[in-house]
Amino acid sequence: MAVDAARSEEGFTSSAAARVAGAACRAAGLDDRGAELIRFGENALFRLVSVPVVVRVARGEEWLPKAQIEVAVSRWLAREDFPAARIVEDLEQPLVVEGHPVTFWHLIREGDRKATYGELGGILRDLHSMTLPDGVTFPSFDPFGKQELRIDRAPIPEDDRAFLWKRWRELRDQFEALSFDSPKGPVHGDAHVQNLMVDDQGQVVLIDFEAFCFDHPEWDLMVTATEHHSLGWQTDEQYADFVRAYGRDLYDWPGYDTLRRLQEFGMTTWLMQNVREDERTAAEYGRRISALRNDHEPRDWRPW
């Protein structure tokens, strides 16, 4: 039974997502018994035991266009033989269950190592060099649409909400003043190294396409640049590998600081959606919102 989007978002917890995943599996003719939660963030991801499939549950019906983009991107990259996650083609995609878009993906069997930053730079270079064929279109990068939903609905103190709305307006003004000199092309939209997997054959595979778009490549480069220069999450050697593989360091670009602030803002609003899940998440949100209130405060944030 469908429910309205506001209610479905308000009650989006890992247990509620598991109920939706089970209903979606039954509708698709899949056995969900023993399904394991493997990730809870913007979406909830469950690995099935019965078949090598991952079920992806989105937060609410407003996320349906993004789920549709994910399906379209997967099909396009499959036609191009690009190393990327693949949807299950013989199922209707996406389903909407209780107001939540649900998609089904072939399980990527992980190998014995994680992807490197050099590999991230290389796969982004390859992605950005691709040309969309006639008839395939993707939206422009939107750093604000998801933020509106997050700020409006997250279970946070009202003074935090007021601050985030103020910062949101400031960032919109800075965004509108940006000037890009790079050509537009395919952009992943959330290009951190955790969105790469290495399968059991040693192949690096790109995953998570809900922010995929057609825009300037700087939107992908800002992620690792911010993680290194602002947050210190990579060693100098790791970041140098990324820059060497891609061929550019965004830190040298005049618009970097605006993109850094946008990236930090998005990383904070992404996490704050789940502050009720556990104390660890709530503590990290507190650390991040405190830093946003003071641009000169050190970013001792934890990778999530």
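Sequential numbering from 1 along the given sequence is applied to the chain's residues. Below, each value reflects all heavy atoms present in this structure, side chains not excepted, and no hydrogens, waters or symmetry copies.
Both Ile123 and Val198 are members of a single hydrophobic cluster when ILVMFWY side chains are connected at heavy-atom separations under 4.5 Å. By the criterion of side-chain heavy atoms lying less than 4.5 angstrom apart, applied directly or through intervening Ile, Leu, Val, Met, Phe, Trp or Tyr residues, Phe209 is grouped together with Val204 in one hydrophobic cluster. Note: the hydrophobic cluster containing Leu127 also contains Phe141 (ILVMFWY, side chain heavy atoms under 4.5 Å, direct or indirect links). Val49 and Phe104 fall into different hydrophobic clusters, where Ile, Leu, Val, Met, Phe, Trp and Tyr residues are linked whenever their side-chain heavy atoms come under 4.5 Å apart, directly or through other members. In this structure, Leu171 is a member of the same hydrophobic cluster as Leu250, with clusters built from ILVMFWY side-chain heavy atoms closer than 4.5 Å.
Considering only residues two or more places apart in sequence or on other chains, Ser290 meets the side chain to side chain donor-acceptor pair (under 3.5 Å) condition with Glu297. Residues passing the ring pair (Phe, Tyr, Trp, His ring centres under 6.0 Å) test with Phe214: none are found, sequence neighbours excluded. A search for side chain to side chain donor-acceptor pair (under 3.5 Å) contacts involving Thr281 returns Asp278, not counting sequence neighbours. Here Tyr251 pairs with His229, Tyr256 under the ring pair (Phe, Tyr, Trp, His ring centres under 6.0 Å) rule; sequence neighbours left out. Scored by the ring pair (Phe, Tyr, Trp, His ring centres under 6.0 Å) test, His216 finds Phe180 as partners (sequence neighbours excluded). Every residue meeting the side chain to side chain donor-acceptor pair (under 3.5 Å) condition with Arg293, not counting sequence neighbours, appears here in chain and number order: Asp160. With sequence neighbours excluded, the residues satisfying ring pair (Phe, Tyr, Trp, His ring centres under 6.0 Å) with Phe175 are Phe144, Trp219. Glu148 pairs by the side chain to side chain donor-acceptor pair (under 3.5 Å) definition with nothing, not counting sequence neighbours.
Val96 belongs to a hydrophobic cluster whose remaining members, ordered by chain and number, are Leu64; membership requires side-chain heavy atoms of ILVMFWY residues under 4.5 Å apart, directly or through intermediates. Here Ile108 sits in one hydrophobic cluster together with Met197, Val205, Ile207; the rule is ILVMFWY side chains under 4.5 Å apart, joined directly or through other members.
A heavy-atom distance below 4.5 Å is found between the side chains of Val102 and Val55. In this structure, Val51 and Val88 have side chains that are not in contact, with every pair of non-hydrogen atoms separated by 4.5 Å or more. Between Pro186 and Trp76 there is a side-chain heavy-atom pair separated by less than 4.5 Å. Residues Arg261 and Thr226 form no side-chain contact, since every pair of their non-hydrogen atoms from C-beta on lies 4.5 Å or further apart. You'll find the side chain of Leu231 reaches within 4.5 Å of the side chain of Met267, heavy atoms only. A heavy-atom distance below 4.5 Å is found between the side chains of Arg244 and Asp241. In this structure, Lys184 and Val187 have side chains that are not in contact, with every pair of non-hydrogen atoms separated by 4.5 Å or more. The shortest distance between side-chain heavy atoms of Val193 and Phe242 does not fall below 4.5 Å.
Taken from CZ in Arg33 to CG in Asp31, the straight-line distance is 4.0 Å, to the nearest 0.5 Å. Taking CD1 of Ile151 as the reference point, atom CD1 of Ile156 lies at 7.5 Å (rounded to 0.5 Å). Within the model, atoms OG1 of Thr268 and OH of Tyr285 stand 8.0 Å from one another, a figure rounded to the nearest 0.5 Å. The distance from atom CG of Leu206 to atom CZ of Phe82, rounded to the nearest 0.5 Å, is 6.0 Å. Here CD of Glu210 is found 9.0 Å from CG of Asn195. Values are rounded to the nearest 0.5 Å. The NE2 atom of His100 sits 6.5 Å away from atom CZ of Phe12, with the distance rounded to the nearest 0.5 Å.
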Could you go through the side-chain contact (heavy atoms from CB on, under 4.5 Å) check for Trp253 and Leu259 one step at a time? CA-CA 10 Å; Trp253 181 57; Leu259 266 60; 3.8 Å; yes

Please test Arg260 against Asp257 for side-chain contact (heavy atoms from CB on, under 4.5 Å), starting from the C-alpha separation and ending with a verdict. CA-CA 5 Å; Arg260 172 193 64 82; Asp257 194 59; 2.9 Å; yes

Assess whether side-chain hydrogen bond (donor to acceptor under 3.5 Å, both in side chains) is satisfied between Ser182 and Glu218, documenting all intermediate values. CA-CA 8 Å; Ser182 60; Glu218 285 86 352; 2.7 Å; yes

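Taking all atoms of both residues into account, the shortest heavy-atom contact from Asp32 to Gly22 is OD2-CA, 3.3 Å. Heavy-atom minimum distance, Gly202 versus Arg113: O-NH2, 4.2 Å. For the residue pair Ala27 and Leu95, the shortest heavy atom distance occurs at CB-CD1, 4.3 Å.
Side-chain contact annotation: Gln147 with Arg150, donor-acceptor N/O pair under 3.5 Å present. A donor-acceptor pair shorter than 3.5 Å can be found between the side chains of Gln194 and His192. Remark: the Glu277 side chain and the Ser14 side chain contain an N/O donor-acceptor pair separated by less than 3.5 Å.
For Arg56 (side chain) and Trp105 (main-chain N/O), no donor-acceptor pair under 3.5 Å exists by modelled atom type. A distance-only check finds a donor-acceptor pair linking the side chain of Glu284 to the backbone of Arg302 [under 3.5 Å]. Within the 3.5 Å criterion, the main-chain N or O of Glu227 finds no donor-acceptor partner in the side chain of Ser230. Between the side chain of Arg39 and the backbone N or O of Leu37, no donor-acceptor pair lies under 3.5 Å. His188 places a side-chain N or O within donor-acceptor distance of the main-chain N or O of Asp208, the cut-off being under 3.5 Å. Between the side chain of Arg59 and the backbone N or O of Glu42 there is at least one donor-acceptor pair closer than 3.5 Å. At distances below 3.5 Å, at least one donor-acceptor pair connects side-chain atoms of Ser74 with backbone N or O atoms of Ile87. Formation of a donor-acceptor pair under 3.5 Å by the Asp220 side chain with backbone atoms of Gly189 is found in this model. Under the 3.5 Å distance criterion, the side-chain polar atoms of Arg167 are matched with a main-chain donor or acceptor of Leu292. Within the 3.5 Å criterion, the main-chain N or O of Arg47 finds no donor-acceptor partner in the side chain of Glu36.
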Show the atom names and distances, to 0.1 Å, of all donor-acceptor pairs under 3.5 Å that link a side chain in residues 130-139 to residues at least two apart or in another chain.
none

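Figure legend: Arg161 and Trp165 shown without cation-pi pairing, the cationic atom not lying both under 6.0 angstrom from the six-membered ring centre and within 45 degrees of its axis.
Atom CZ of Arg109 has 12 or fewer heavy atoms from other residues, nucleotides or ligands within 6.0 Å. Taking a 6.0 Å sphere around CG of Asp252, one finds it holds more than 12 heavy atoms contributed by other residues, nucleotides or ligands. The number of heavy-atom neighbours closer than 6.0 Å to CG of Asp159, taken from other residues, nucleotides and ligands shown, is above 12. Atom CD of Glu176 has more than 12 neighbouring heavy atoms from other residues, nucleotides or ligands inside a 6.0 Å radius.
Judged as a ring pair (Phe, Tyr, Trp, His ring centres under 6.0 Å), the pairs with a partner in residues 110-137 (not counting sequence neighbours) are, in order, His128-Tyr246.
Here Lys66 does not pair with Glu70 in a salt bridge; the nearest charged N to carboxylate O distance is not below 4.0 Å. In this structure, Glu264 does not pair ionically with Arg288, as no charged nitrogen and carboxylate oxygen lie closer than 4.0 Å.
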